[in-house]
Amino acid sequence: ADAAPSAHVTILATGGTIAGSGATSTTTVGYTAATVGVERLIQAVPELAKVAQVKGEQVFQIASENMSNAHWLTLAKRVNVLLAQPDVDGIVITHGTDTLEETAYFLDLVVKSKKPVVLVGAMRPGTALSADGPINLYNAVLLAASQEAVGKGVLVAMNDQIHGARDVTKTNTSTPDSFKTPELGMLGYFQGNKPYFYHVSTRKHTLDTEFDISKLDALPQVDIVYGYANVSPVALNAVVAAGAKGIIHAGVGDGSLASKVLPSLTAARKQGVLIVRSARVGQGIVARNGEANDDELDFVVSDTLNPQKARILLMLALTKTSDSKEIQRMFYTY
Ligand SMILES: NC(=O)CC[C@H](N)C(=O)O
């Protein structure tokens, strides 16, 4: 018999379609997410035992549209405790795909370890024909058990591809190839039971960040307001009235600010609310002093972060400082 694999990987299960089940084998929408427990996920892929000694923990059992700041703090603290143990070599987190990229980026900024952390989900429930969960989970464990993944930051394993937390995004509502890193590029592939890396991000992550959530039990309120034709400041004003400490403006184009919205943004900034100019487009740079005079307005630009990831960085930034120049530096660092 083969010797047992030496790497120890803990699977933290949080719910999603990877733990979902549908009425029939052709049910690929309208199924129920977050029903199958972590032990059954592990039992469904006996091949995992060939690549790592696997342990499971059910951290949550939710659809990821319900992921909250509180869930993130609980999850990140658990990840840091586990990775500090000598008998844990890597972590896999099973997750709903809707906010998987957000959880991945949050962890990328707060995990204090070089050991691999890999997020994985599925686009089809386990009951479906050609369910993608089992192979995705197998690849994720393979990656978390690998030396290649050490020091690469938080990774996402989907559809035989390896993506980096900062730049990956869900691009399709339902197809198995939904996760992509358009333009900036995925990091690598799985093939023949091995991960292969080709790219690394130039941005800092994990051990090289300045963020420490170990003593936090809440994160500052940061909300996103969307730009569109015929926009009014109603949504923005509501968010400010609700007490937001920061706002991500998901502007049209390269982060343009409509003249009907600008006065409310300026007023919010004067009240101390941090304003980040981001773009709903999803790719490309929002340039400082490009589409608006950010120096004069005292706004921050998101660089290439999409709005939902800019929200995460701004929340963490606000746990350290309210200085807009410092926060701008962080947006060019992470
Ligand atoms: N494919 C999925 O995982 C989507 C299921 C659910 N909406 C979630 O994100 O948890």
Side-chain angles (χ1 to χ4, degrees), residues 11-42 44-45 56-76 78-79 91-108 117-141 143-144 154-165 167-182 186 190 224 282 306-309 311-312:
I11 300 179
L12 301 179
T14 73
T17 296
I18 194 167
S21 53
T24 73
S25 64
T26 53
T27 303
T28 54
V29 289
Y31 54 85
T32 315
T35 57
V36 175
V38 66
E39 291 312 325
R40 256 181 73 201
L41 291 184
I42 293 170
V45 192
E57 270 183 43
Q58 193 75 46
V59 188
F60 320 119
Q61 185 65 297
I62 61 171
S64 76
E65 57 268 36
N66 298 319
M67 194 58 63
S68 65
N69 294 350
H71 287 116
W72 280 344
L73 290 171
T74 301
L75 180 63
R78 186 68 191 134
V79 167
I91 288 182
V92 167
I93 299 167
T94 61
H95 199 290
T97 54
D98 292 358
T99 61
L100 187 149
E101 71 192 67
E102 296 178 49
T103 300
Y105 187 53
F106 180 74
L107 294 173
D108 201 43
V117 175
V118 182
L119 276 91
V120 64
M123 293 301 293
R124 294 178 179 155
T127 44
L129 286 172
S130 293
D132 52 338
I135 183 83
N136 287 346
L137 183 62
Y138 175 76
N139 283 337
V141 171
L143 188 59
V154 173
L155 302 169
V156 173
M158 292 288 288
N159 197 36
D160 289 350
Q161 297 176 344
I162 306 167
H163 296 267
D167 300 319
V168 68
T169 195
K170 186 175 186 179
T171 67
N172 184 288
T173 57
S174 43
T175 56
D177 66 344
S178 179
F179 280 78
K180 299 213 161 104
T181 307
M186 63 178 167
F190 297 96
I224 301 171
N306 69 26
Q308 58 271 31
K309 293 191 192 181
R311 189 185 85 88
I312 292 163

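All values below were derived from every heavy atom in this structure, side-chain atoms included, with hydrogens, water molecules and symmetry-related copies excluded. Atoms within a ligand are numbered from 1 in the order they appear, just like the ligands themselves.
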Need the ligand 1 atom indices (1-based, order shown) with element for anything under 4.0 Å from a heavy-atom of Ala63. 10 (O)

Heavy-atom pair with the smallest gap, counting every atom of Trp72 and Arg311: CZ3-NH2, 3.5 Å

Suppose we screen for salt bridge (Lys or Arg N to Asp or Glu O under 4.0 Å). Which residues come up paired with Asp160, at least two apart in sequence or across chains? none

Does any N/O atom on Met123 come nearer than 3.5 Å to any N/O atom on ligand 1? no

Over all atoms of both residues, closest heavy-atom pair of Pro182 and Thr169: CD-CG2, 4.1 Å

Are any of the heavy atoms in Ala122 under 4.0 Å away from ligand 1? yes

Taking all non-hydrogen atoms of both residues into account, name the closest pair between Gln61 and Ala19 and its distance. OE1-CB, 4.1 Å

Would a distance-only check, ignoring hydrogens and angles, find a side-chain to backbone donor-acceptor pair under 3.5 Å from Thr171 to Ser178? yes

Within-cut-off N or O pair, Thr97 and ligand 1, under 3.5 Å: yes

Identify the protein heavy atom lying closest to atom 9 (O) of ligand 1, giving its residue, its atom name and the separation to 0.1 Å. Ser64 OG, 2.6 Å

With heavy atoms of Gly16 as the reference, note each atom of ligand 1 found under 4.0 Å away. 10 (O)

Among protein heavy atoms, which lies nearest atom 6 (C) of ligand 1, and at what distance? Glu65 OE1, 3.3 Å

When only distance counts, is Thr99 in polar contact with ligand 1, meaning an N/O pair under 3.5 Å? no

Near Asp98 (heavy-atom distance under 4.0 Å), the atoms of ligand 1 are 4 (C), 6 (C), 7 (N), 8 (C), 9 (O)

Considering non-hydrogen atoms of the protein only, which is the closest contact for atom 5 (C) of ligand 1, and what is the distance? Thr17 OG1, 2.9 Å

Do the two ring centres, one from His71 and one from Phe60, sit under 6.0 Å apart? yes

Pairing residues for Pro176 by the side chain to side chain contact (heavy atoms under 4.5 Å, CB included) criterion, not counting sequence neighbours: Arg124, Asp132

